[in-house]
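All residue numbers in this chain count up from 1 along the given sequence.
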Amino acid sequence: MDLARKIRAIREAETSGRQEFCDLLGVNKGTLTRIEQTGQVPKGDLLEEICRKWPKYTLWLMTDKTDESCGQIDPQTELARRENSLKAG
């Protein structure tokens, strides 16, 4: 999965939409739209901000790997956890 799709997956798992994601990271909405829609490679500072805000995705974002024992997951795992939590509660 390329970085643009990974960023979108994180955005969809953690926020209600592009504007909220941009507000949390201090990034221009147009920049995020270009990244997601055209596959433009994001700058390092955006990747750094995403990793600071949601450190649990750092390993997956940068290497496409996860390590749940270290708390390093992907957005699908997070969404599954939330769904299971709702079912259990």
Side-chain angles (χ1 to χ4, degrees):
M1 183 180 292
D2 64 29
L3 284 172
R5 284 188 231 163
K6 287 180 177 183
I7 290 170
R8 183 177 181 166
I10 293 169
R11 174 182 62 79
E12 289 175 346
E14 295 295 333
T15 66
S16 62
R18 281 192 182 118
Q19 190 61 58
E20 181 185 5
F21 187 84
C22 290
D23 290 346
L24 288 169
L25 296 175
V27 66
N28 181 287
K29 188 176 175 184
T31 300
L32 179 64
T33 301
R34 278 191 303 283
I35 290 167
E36 289 186 356
Q37 291 183 351
T38 68
Q40 175 183 326
V41 177
K43 292 186 177 183
D45 59 340
L46 175 58
L47 295 173
E48 193 174 341
E49 284 302 312
I50 292 169
C51 292
R52 279 193 188 121
K53 182 70 180 161
W54 298 285
K56 63 188 170 189
Y57 301 129
T58 301
L59 183 63
W60 174 77
L61 181 64
M62 304 309 279
T63 69
D64 209 31
K65 297 179 181 182
T66 61
D67 187 345
E68 288 190 56
S69 67
C70 294
Q72 291 294 301
I73 60 172
D74 62 14
Q76 290 177 327
T77 301
E78 178 63 24
L79 291 172
R81 285 179 179 176
R82 289 181 195 163
E83 187 176 312
N84 287 336
S85 175
L86 290 174
K87 288 179 183 177

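Annotation: Q76, atom CD; neighbour count of heavy atoms from other residues, nucleotides and ligands within 6.0 Å does not exceed 12.
For the residue pair Y57 and E14, a side-chain donor N or O sits within less than 3.5 Å of a side-chain acceptor on the partner.
Under the side-chain hydrogen bond (donor to acceptor under 3.5 Å, both in side chains) criterion, S69 pairs with D67, sequence neighbours left out.
The shortest non-hydrogen separation linking A13 to P75 is CB-CB, 3.8 Å. T58 approaches Q72 most closely through the heavy-atom pair N-OE1, 3.4 Å.
Atom-to-atom distance recorded for S16:OG and R11:CZ is 9.5 Å, nearest 0.5 angstrom. Distance check: R5 CZ to E12 CD gives 12.5 Å after rounding to the nearest 0.5 Å. The CZ atom of F21 sits 4.5 Å away from the CH2 atom of W54 when rounded to the nearest 0.5 Å. How far CG of N84 is from CG of L79: 11.0 Å, rounded to the nearest 0.5 Å. The CG atom of D2 sits 9.0 Å away from the CD1 atom of I7 when rounded to the nearest 0.5 Å. Note that CE of M1 and CG of L61 are 11.0 Å apart. Values are rounded to the nearest 0.5 Å.
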Distance-only check: which donor-acceptor pairs under 3.5 Å involve side-chain atoms of residues 26-34, not counting sequence neighbours?
unit_1: N28; atom_1: OD1; unit_2: G30; atom_2: N; d: 2.6
unit_1: N28; atom_1: OD1; unit_2: T31; atom_2: N; d: 3.3
unit_1: T31; atom_1: OG1; unit_2: R34; atom_2: NH2; d: 3.4
unit_1: T33; atom_1: OG1; unit_2: K29; atom_2: O; d: 2.9
unit_1: R34; atom_1: NH1; unit_2: G30; atom_2: O; d: 3.3

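Residues W60 and M62 share a single hydrophobic cluster, defined by chaining ILVMFWY side chains whose heavy atoms lie under 4.5 Å apart.
Applying the salt bridge (Lys or Arg N to Asp or Glu O under 4.0 Å) definition to pairs two or more places apart or across chains, those involving residues 57-66 are K6-D64.
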Run the side-chain contact (heavy atoms from CB on, under 4.5 Å) test on E49 and D45 for me, step by step, so that the C-alpha distance in whole Å, both residues' side-chain angles and the decisive distance to 0.1 Å come before the verdict.
CA-CA 6 Å; E49 284 302 312; D45 59 340; 5.7 Å; no
Kindly determine whether E36 and R18 satisfy salt bridge (Lys or Arg N to Asp or Glu O under 4.0 Å), including the steps that lead there.
CA-CA 10 Å; E36 289 186 356; R18 281 192 182 118; 2.8 Å; yes
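Looking at heavy atoms from C-beta onward, Q19 lies in side-chain contact with D23 at the 4.5 angstrom threshold. L59 places none of its side-chain heavy atoms less than 4.5 Å from the side chain of T66.
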